[in-house]
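Each chain gets a letter, A, B and so on, in the order its sequence line appears, and its residues count up from 1. What you see below is based on every heavy atom in this structure, not just the backbone, and it leaves out hydrogens, waters and symmetry mates.
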There are 2 protein chains.
Amino acid sequence: MRSDSTQHGTGYTPPAAPLVPVEDVPRRSPAEEARTLVAETNVGSLATLTDDGAPWASLITYGALPGGDLVIVVSSLAEHGRNLVRDPRASIVVAETGAHDDPLAAGRLTVAGRVVRPEGDREREALDVYVEAVPTAEMFTRFGDSSPFVLEVERVRWIGGYGRMGTVDVADYAAAAPDPVGSAADAVAHLNADHADALLDMARALGGHPDATAARCVGADRYGLDLLAETPRGTAYPRVGYAAALDTAVALRAATVELTRRARAAEAARVGPA
Amino acid sequence: MRSDSTQHGTGYTPPAAPLVPVEDVPRRSPAEEARTLVAETNVGSLATLTDDGAPWASLITYGALPGGDLVIVVSSLAEHGRNLVRDPRASIVVAETGAHDDPLAAGRLTVAGRVVRPEGDREREALDVYVEAVPTAEMFTRFGDSSPFVLEVERVRWIGGYGRMGTVDVADYAAAAPDPVGSAADAVAHLNADHADALLDMARALGGHPDATAARCVGADRYGLDLLAETPRGTAYPRVGYAAALDTAVALRAATVELTRRARAAEAARVGPA
């Protein structure tokens, strides 16, 4: 049946279900995903309105204020700068960085609202946030024709690649914290290169797939690891959680060591003495 | 004087001028730069108008028709799809791919115009162009809610990084060919890793800097190589041209071999027998 549906249907094969009950591991909320995407890069595309109300797309760099409003620095000589002075409505799309063979599999986020010109202490804060995020643009912030604008976010739409997406409540967006672990691409690569045995133990002992024959890590976040495991029943996607949510990126290493230790102890108890 | 201007001025030191007259080597026109950028990637950001006329930025993938109009495939369920059905005005920004430490040093291009729904043979051509550029999206072109749209380009603005930019005449954009050499990042890296001596000979014998002490390649296109050379008079930026403009990417190798041979012969004639 599975091979029939693969050959003649949509190509979708349902993942193998866990064989034993597993702990429900928290996952980033859409608002957390959105704030994490914003924090992970400093480049986006800005949509503004030309003098006849047509849309205009341009490349920008940005920094993010603590509540998720975005700071850009634009020149009054540039087309998008003139556009913003004329009409403050604006939208910025930010895409997940890192190589994807399939661009539509990347996470991305659109925020929209109105820009304001910050003044006094708010201008200083905006410039500090911008220069910290975009150090190579520091020089431009001192040019007379350049000014910071803050996009006050009124709407947020997040797309997590295929299948996960949604409108994010703007209050949730403002309140959410970026995940300090970020995309963790290096850590994921390290786990797969050097710790395949530990990942298999996690899939077997903690992920609910005691018959797994191979496992690799396909994602890491502040709450846990997403695994892809091969089983005689097909491919499974177990998720395993750390002892506690992480508050820093460097805590990821100790958390995966603890996960490995816990998985090995559980696997040894399950299989029994050799 | 130089160190004074560097310490107290803008940090800008003028490049060292050639010591001998050099051949004027053609350079890609802004229209060719624009078409090359479009051809080098398949991801951009789309600006559309929401139902209240506000700008909305979103990620898209695209293919380019022979005249430089862009094909996108969007779902009528997606916000940007609904926007385009309501108001066909649209703009797409495309940024140079490849790692830049400084995002604002990357080339980028904005095109703007109106989208149309191609019909009959034009729809077939649009879908073919799109699927060739974005093979991972082939499946979506067969979904009932997805349709191709062609952005008929009415305005083009190109920014080549710092310093080079301009509005490109739309007829020039339509008539220009993408440079088959593209960004040639791999070829440039290879020249620098393995052929530093040849690059130095080029800078000395063909680039007008016989006193150069080191040289590396900072860019390659269908017409020639951009070099950065160190001289006792400061840094120089010679440009050296091939015997003829290249029509394919693979021709770059033979062209640089010919350049090297020509530079070595000229350098040997200049320096005299050892």
Side-chain angles (χ1 to χ4, degrees), chain A residues 10-11 41-50 52-62 73 78-80 83-84 87-97 99-114 134-137 139-140 142 154-155 157 159 162 165 167, chain B residues 10-11 41-50 52-62 73 78-80 83-84 87-97 99-114 134-137 139-140 142 154-155 157 159 162 165 167:
Chain A
T10 61
T41 181
N42 61 2
V43 188
S45 295
L46 174 71
T48 54
L49 297 174
T50 64
D52 54 359
W56 184 255
S58 58
L59 191 79
I60 49 92
T61 50
Y62 69 85
V73 173
E79 177 131 5
H80 54 204
N83 288 348
L84 288 176
D87 190 318
R89 291 180 290 176
S91 174
I92 291 174
V93 60
V94 171
E96 186 187 349
T97 54
H100 273 274
D101 293 338
D102 179 355
L104 297 176
R108 63 264 195 192
L109 172 81
T110 295
V111 293
R114 284 160 200 272
V134 196
T136 51
M139 181 171 68
F140 301 103
R142 291 184 273 114
E154 298 163 12
R155 280 183 66 200
R157 184 158 176 86
I159 298 180
Y162 295 113
M165 61 180 68
T167 295
Chain B
T10 60
T41 182
N42 62 1
V43 188
S45 294
L46 174 71
T48 54
L49 297 175
T50 64
D52 54 0
W56 184 255
S58 59
L59 191 80
I60 49 90
T61 51
Y62 69 86
V73 172
E79 176 131 7
H80 55 203
N83 288 348
L84 288 175
D87 190 319
R89 291 181 290 177
S91 174
I92 292 175
V93 60
V94 172
E96 185 186 350
T97 53
H100 274 272
D101 291 338
D102 179 356
L104 297 177
R108 63 263 195 192
L109 172 80
T110 296
V111 293
R114 284 160 199 274
V134 196
T136 50
M139 181 172 68
F140 301 103
R142 292 185 271 114
E154 298 164 12
R155 280 182 68 200
R157 186 160 175 83
I159 299 180
Y162 294 113
M165 61 180 67
T167 296

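Electrostatic pairing of A:R155 and B:E79 counts as a salt bridge here, judged by a charged N lying under 4.0 Å from a carboxylate O.
Across A:L46 and A:L84, no two heavy atoms sit closer than the pair CD2-CD1, 4.3 Å.
Heavy atoms of A:D87 lying under 4.5 Å from chain B are absent altogether. Looking at B:L59, both its backbone and its side chain come within 4.5 Å of chain A, counting heavy atoms on both sides.
Ranked by heavy-atom pairs under 4.5 Å with chain A, the list B:S91, B:G53, B:P55 is led by B:P55. With chain A as partner, the option from B:A112, B:S58, B:A95, B:G44 having the largest number of non-hydrogen pairs under 4.5 angstrom is B:S58.
Listed for the A:Y62 side chain is a donor-acceptor partner under 3.5 Å among the backbone atoms of A:T41. Here the side chain of B:E154 pairs no donor or acceptor atom with the backbone of B:G113 at under 3.5 angstrom.
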